[in-house]
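Here is how names work: the chains are called A, B, and so on, in the same order as the sequence lines, proteins then strands, and each is numbered from 1.
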Amino acid sequence: MPELPEVETTRRGILPYLKNKSIETVAVRNRQLRWPVPARLKNHLSGQKILDITRRGKYLVFGFDHGHMLIHLGMSGSLRIVKSNSEIRKHDHIDWLINNGRVLRYHDPRKFGSVLWTSGEPGQHKLLKTLGPEPLSDTFDAGYLYEKSRKRQLAVKNFIMNSTVVTGVGNIYANEALFLAGIHPLRQAGKISFERYEALVTAIKNVLHAAIEQGGTTLRDFVNGDGNPGYFRQQLRVYQRAGQPCCVCKKPVRLLSIGQRASYYCTECQR
DNA sequence: ATGCGGACCTGTTAGC
DNA sequence: TGCTAACAGGTCCGCA
């Protein structure tokens with residue numbers, strides 16, 4: 001479900017309810033996620049104040065005096081603020097009871113997400129340490145992508161979806177950015193010019209910014225922390241539009257599986 | 001070092 | 001209409 005814009009939308013949605021609030025207790029109903037929820041999570045968090053919530057790639061990083069809680073939403077995870085008497089649904093894994101009477105609730109049918117604790121620097125955590133630059137930061141630019149891609153044989157789509165290259169570009173926005181930049185998704189990463197990487201970097205930043213402004217893309221059931229959907233879906237140019245006319249040249253949008261992921265593109269507009 | 005495929009899991013949709 | 005198979009927004013890991 002969530003890519004970077006959806007994670008950022010979630011962060012912004014829940015932050016006002018949680019920043020500088022304390023966690024009274026934690027109820028873990030189902031520890032089974034990508035990695036088991038730490039048995040000591042409740043001990044770590046009870047009575048502790050949430051100092052801030054930041055984002056690294058698609059990870060949410062909850063800051064406390066004595067450590068950090070990392071949450072990844074995987075493919076189907078969501079975090080919502082609910083009332084304390086809110087009915088518990090199937091796949092509601094974890095509740096954090098907040099001292100303002102609200103509850104932060106983690107829901108994840110496919111269990112690909114994760115909730116972890118780290119007492120050290122979060123950036124040194126095994127899962128964050130290898131992440132590439134933030135796509136919306138200044139260090140992510142054409143020079144970086146161009147240098148990083150030299151001698152690489154893989155398809156450019158797989159290249160930009162590799163989290164060690166740049167973190168947070170998932171399947172929806174990889175498809176959209178390649179369309180906006182006019183680059184065929186199968187083109188070899190190492191053979192793309194500096195100028196074309198300039199266009200691609202701009203496209204990635206633009207599409208992510210636009211999606212964040214629209215509250216993310218709701219395909220099936222994504223909702224932000226307040227339970228509202230995102231509205232970027234209406235602005236998708238190629239994603240899930242196979243067979244429909246390209247919005248620029250009217251040729252039908254093509255669908256191809258690249259690296260086991262659905263890839264949508266226009267043969268006329270993307271070379 | 002690089003790149004690929006399998007693995008994790010459930011719900012929804014497409015096709016027969 | 002009902003059953004089965006394929007597919008879905010992620011990414012880590014092991015193998016060649």
> Could one point to a donor on the side chain of A/R152 or the base of B/dT2 with an acceptor on the other under 3.5 Å away?
Replying inline: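 Side chain to base: no pair present.
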
Let's see if you can work this out: which of [options] has an atom nearest to the side-chain heavy atoms of [X]?
X	options	answer
A/S163	C/dG9, C/dC12, B/dT10	C/dC12
A/E3	C/dC12, C/dG9, B/dT10	C/dG9
A/Q260	B/dT10, B/dG5, C/dG10	B/dG5

> Among A/P252, A/P245, A/C246, A/C247, which one satisfies side chain to side chain contact (heavy atoms under 4.5 Å, CB included) with A/C266?
Replying inline: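 For A/C266, the side chain to side chain contact (heavy atoms under 4.5 Å, CB included) test succeeds with only one of A/P252, A/P245, A/C246, A/C247, which is A/C246.
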
>> Return the pairing partner of B/dT2 with a 3.5 Å limit on both distances, Watson-Crick or G-U wobble; otherwise return none.
In response: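 When the pairing criteria are applied, C/dA16 turns out to be the nucleotide that pairs with B/dT2.
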
>> Work out how far the P atom of B/dG11 is from that of C/dC12, and round it to whole angstrom.
In response: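 It works out to 24 Å between them.
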
Base, sugar-phosphate, or nothing for [X], non-hydrogen atoms under 4.0 angstrom?
X	result
A/K151	nothing
A/Y239	sugar-phosphate
A/Y59	sugar-phosphate

>> Less than 4.5 Å apart, side chain to side chain, heavy atoms only: is that true for A/L79 and A/L60?
In response: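 Yes, at least one pair of side-chain atoms sits under 4.5 Å.
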
> Is any side-chain heavy atom of A/L145 less than 4.5 Å from a side-chain heavy atom of A/V165?
Replying inline: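 Answer yes - side chains close enough.
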
Nearest-angstrom distance from the residue atom [atom1] of [X] to [atom2] of [N]:
X	N	atom1	atom2	result
A/K90	B/dT12	NZ	P	9 Å
A/D92	B/dT10	CG	P	15 Å
A/H93	B/dT10	NE2	P	9 Å
A/R34	C/dC12	CZ	P	6 Å
A/Q240	B/dT12	CD	C1'	12 Å
A/L236	C/dG9	CG	P	12 Å
A/I71	C/dT11	CD1	P	15 Å
A/L33	B/dC9	CG	P	11 Å

Is the shortest side-chain N/O distance from [X] to OP1 or OP2 of [N] below 4.0 Å?
X	N	value
A/Q153	B/dG3	no
A/R261	C/dC7	no
A/H72	C/dT11	yes
A/H91	B/dC9	no

> Under the 5.5 Å and 30° test, is A/F112 stacked on the base of B/dC8?
Replying inline: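 Ring-base stacking flag set for A/F112 and B/dC8.
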
>> If only side-chain N and O atoms count, and only distance matters, is there a donor-acceptor pair under 3.5 Å linking A/K49 with A/N99?
In response: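 The answer is no; no qualifying pair exists.
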
>> Would you say A/T217 and A/Y173 are linked by a side-chain donor-acceptor pair, where the criterion is simply a distance under 3.5 Å?
In response: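 The criterion, which ignores hydrogens and geometry beyond distance, is satisfied for A/T217 and A/Y173.
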
> Where is the tightest heavy-atom contact between A/A203 and A/L180, given as atom of each residue plus distance?
Replying inline: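 Smallest interatomic distance, heavy atoms only, reads CB-CB, 3.8 Å.
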
> If each of A/K126 and A/R110 is mapped to the nucleotide of DNA chain C with the nearest heavy atom, which maps nearer the 5' terminus, i.e. the 5' end?
Replying inline: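 Comparing both residues, the 5'-ward one is A/R110.
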
